[in-house]
Amino acid sequence: MAQGKSYPPVFLAEAVRLYRISGRSLADTAREIDVSDWTLASWVHQADTWEVKAEGLTTEEREEQPPVPGE
């Protein structure tokens with residue numbers, strides 16, 4: 001995997017979803033999709049952060065936010 005490679009948001013969302021539903025370790029999932037453990041961990045952490053923030057927003061504020069990966 002090339003360092004600094006850019007992935008489309010759909011790929012990030014699908015990677016997080018795959019990790020969450022697979023029951024496999026983060027390292028196994030990362031290896032399966034050919035990204036580093038650190039990269040997948042940061043995507044999962046970011047998705048968790050977005051979801052927590054989205055829970056505290058009004059409907060109008062939520063509509064202004066970028067989509068949460070996995071939704």
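We're numbering straight along the sequence, starting at 1. All values reported here derive from a predicted model rather than from experimental measurement.
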Point-to-point distance, once rounded to the nearest 0.5 Å, from CD of Glu14 to CG of Leu18: 6.5 Å
Atom pair CD (Glu32) and OG (Ser25), whose distance is rounded to the nearest 0.5 Å: 10.5 Å
Please report the shortest heavy-atom distance between [X] and [Y], naming the atom on each side.
X     : Y     : value
Ser36 : Ala30 : O-CB, 3.8 Å
Leu40 : Ile33 : CD1-CD1, 4.4 Å
Thr29 : Ser22 : OG1-OG, 3.7 Å

Stepwise ring-ring contact (aromatic ring centres under 6.0 Å, His included) test for Trp43 and Tyr19: CA-CA 10 Å; Trp43 294 347; Tyr19 165 67; over 10 Å; no
